[in-house]
Amino acid sequence: MRNSVKNAIFLFLIFLISAGNIHSEIDGKSAEYIEIENCINVDEKKIPSPAELERKYFDKSESKKNEYFKIYAYILRHKNPRYEKERKELNEIFQNLNNFFALLADGGIGFGHEAERICACVEYELFHLQKNQLDEKMALSDSAKNDFEHILWTAGTQNVNMQQNMLDSGYLKYAKKMHEAIELMSLLESQIGNRFYNECANRYINRVMRKKLGNGYD
């Protein structure tokens with residue numbers, strides 16, 4: 001099995017494990033839980049974004065950040081338990097975006113941490129979801145697909161030397177990677193079926209680009 005495929009499967013398994021264990025891991029009496037709960041409850045009309053959470057705990061270890069993000073997701077999900085279908089589908093979109101970026105970068109531990117934190121990004125989006133966004137069905141036009149592919153590719157190859165990557169991996173392996181990237185692009189395009197998913201996907205991609213540039217998530 002190719003390494004890139006292994007990486008994608010590994011990241012998806014991390015997501016499944018973390019999603020399944022999020023409830024069992026949460027200690028509602030821990031200092032971390034109380035801290036995040038107080039942060040969220042200050043003003044429910046202005047819930048802090050995952051970006052703000054990242055900045056607030058920038059000096060914590062990556063595993064500790066994962067813990068804070070899971071607590072954040074747990075609390076928001078209890079405040080907004082609706083949209084189970086959308087929760088699952090948005091998770092899949094974000095995980096596939098993360099897999100796409102991991103594929104082009106030849107993996108890395110950062111993508112594993114991101115896979116665990118995606119639950120917080122999903123809950124933040126769902127908390128601000130307006131029902132009419134789901135009703136606005138949309139199929140990407142050829143022009144919209146071109147725009148989506150351009151921004152996705154730009155984000156994925158940012159800070160990645162693709163020419164050197166091709167020389168290092170060899171033409172055959174590089175061609176296989178490009179084939180997998182195209183398949184992931186097509187899958188993502190098929191998953192964006194309404195305005196809400198389209199906007200969420202673009203916000204996620206922009207977040208990744210800004211993070212690569214060192215400007216945080218927002």
Side-chain angles (χ1 to χ4, degrees), residues 1-22 25 50-51 53-54 57-70 73 88-122 148-192 200-217:
M1 184 179 290
R2 296 190 295 272
N3 286 338
S4 54
V5 176
K6 287 181 179 178
N7 286 337
I9 292 173
F10 174 69
L11 292 175
F12 189 65
L13 286 174
I14 287 178
F15 157 64
L16 289 177
I17 292 169
S18 62
N21 290 342
I22 189 169
E25 291 179 1
L53 209 63
E54 181 86 17
Y57 299 111
F58 76 96
D59 58 342
K60 303 293 184 182
S61 69
E62 295 303 313
S63 59
K64 178 60 72 172
K65 288 178 188 176
N66 293 347
E67 181 183 351
Y68 281 121
F69 271 68
K70 288 177 183 178
K88 177 178 179 295
E89 292 175 348
L90 195 56
N91 254 314
E92 290 174 353
I93 291 171
F94 286 173
Q95 292 294 338
N96 283 332
L97 285 168
N98 189 43
N99 288 342
F100 179 85
F101 298 137
L103 173 66
L104 294 186
D106 283 330
I109 193 169
F111 297 103
H113 289 301
E114 175 66 12
E116 291 200 56
R117 297 172 193 174
I118 278 174
C119 57
C121 302
V122 169
F148 178 74
E149 290 168 3
H150 174 73
I151 189 174
L152 185 60
W153 184 259
T154 300
T157 57
Q158 199 169 33
N159 299 342
V160 177
N161 188 329
M162 296 303 290
Q163 184 174 5
Q164 188 62 48
N165 191 304
M166 178 175 64
L167 294 174
D168 292 342
S169 60
Y171 293 115
L172 180 59
K173 184 178 178 182
Y174 184 82
K176 290 177 178 177
K177 178 193 288 190
M178 291 304 98
H179 177 70
E180 291 169 26
I182 291 170
E183 287 186 333
L184 265 175
M185 276 186 175
S186 298
L187 174 59
L188 282 160
E189 288 169 355
S190 70
Q191 290 177 316
I192 299 171
C200 288
N202 279 289
R203 276 194 292 270
Y204 187 92
I205 294 168
N206 287 331
R207 179 173 77 84
V208 169
M209 292 179 72
R210 286 182 171 84
K211 192 175 183 184
K212 283 186 175 185
L213 291 171
N215 295 331
Y217 281 79

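Computed over heavy atoms, backbone and side chain alike; hydrogens, waters and symmetry mates excluded.
When every heavy atom of Tyr174 is checked against every heavy atom of Ser169, the shortest pair comes out as CB-OG, 3.8 Å. Of all the heavy atoms in Ala181 and Leu103, the pair that sits closest is N-CD2, 3.5 Å. A pairwise comparison of heavy atoms in Ala201 and Ile192 identifies CB-CD1, 4.0 Å as the closest pair. In plain terms, the two heavy atoms of Ala120 and Pro50 that are nearest each other are O-CG, 3.9 Å.
Between Ile93 and Cys200, the closest side-chain pair of non-hydrogen atoms is not below 4.5 Å. Side-chain contact between Phe148 and Leu188 is present, with heavy atoms from C-beta onward closer than 4.5 Å. At a threshold of 4.5 Å between non-hydrogen side-chain atoms, the residues Leu53 and Lys65 do not count as touching.
For the atom pair Asn206 CG and Arg210 CZ, the distance stands at 5.0 Å (nearest 0.5 Å). To the nearest 0.5 Å, atom CE of residue Met178 and atom CE of residue Met162 are 3.5 Å apart. Note that the CD1 atom of Ile118 and the CG atom of Asn96 stand 9.0 Å from one another [nearest 0.5 Å]. One distance of note links CG of Leu152 with OG1 of Thr157; it measures 9.5 Å at 0.5 Å rounding. From Glu92, atom CD reaches atom CG of Asn99 across 11.5 Å, with rounding to the nearest 0.5 Å. Atoms CG and CD, on Leu184 and Gln191 in that order, are 9.0 Å from each other to the nearest 0.5 Å.
Formation of a donor-acceptor pair under 3.5 Å by the Asn98 side chain with backbone atoms of Phe94 is not found in this model.
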Gln164 vs Asp168, test: side chain to side chain donor-acceptor pair (under 3.5 Å). Steps then yes/no. CA-CA 6 Å; Gln164 188 62 48; Asp168 292 342; 2.9 Å; yes
Using the side chain to side chain contact (heavy atoms under 4.5 Å, CB included) rule, take Gln158 and Val208 through it: C-alpha gap first, then chi angles, then the decisive distance, then the call. CA-CA 10 Å; Gln158 199 169 33; Val208 169; over 6 Å; no
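Ion pairing between a basic and an acidic side chain is recognised when a charged N comes within 4.0 Å of a carboxylate O; Glu180 and Lys176 show no such pairing. We find that Lys70 and Glu67 are not joined by a salt bridge, their nearest charged nitrogen and carboxylate oxygen being 4.0 Å or further apart. A salt bridge does not link Arg117 to Glu114: none of the charged side-chain nitrogens sits closer than 4.0 Å to a carboxylate oxygen.
Using a 30° and 60° split on the angle between ring planes, Phe100 and Trp153 fall in the perpendicular class, above 60°.
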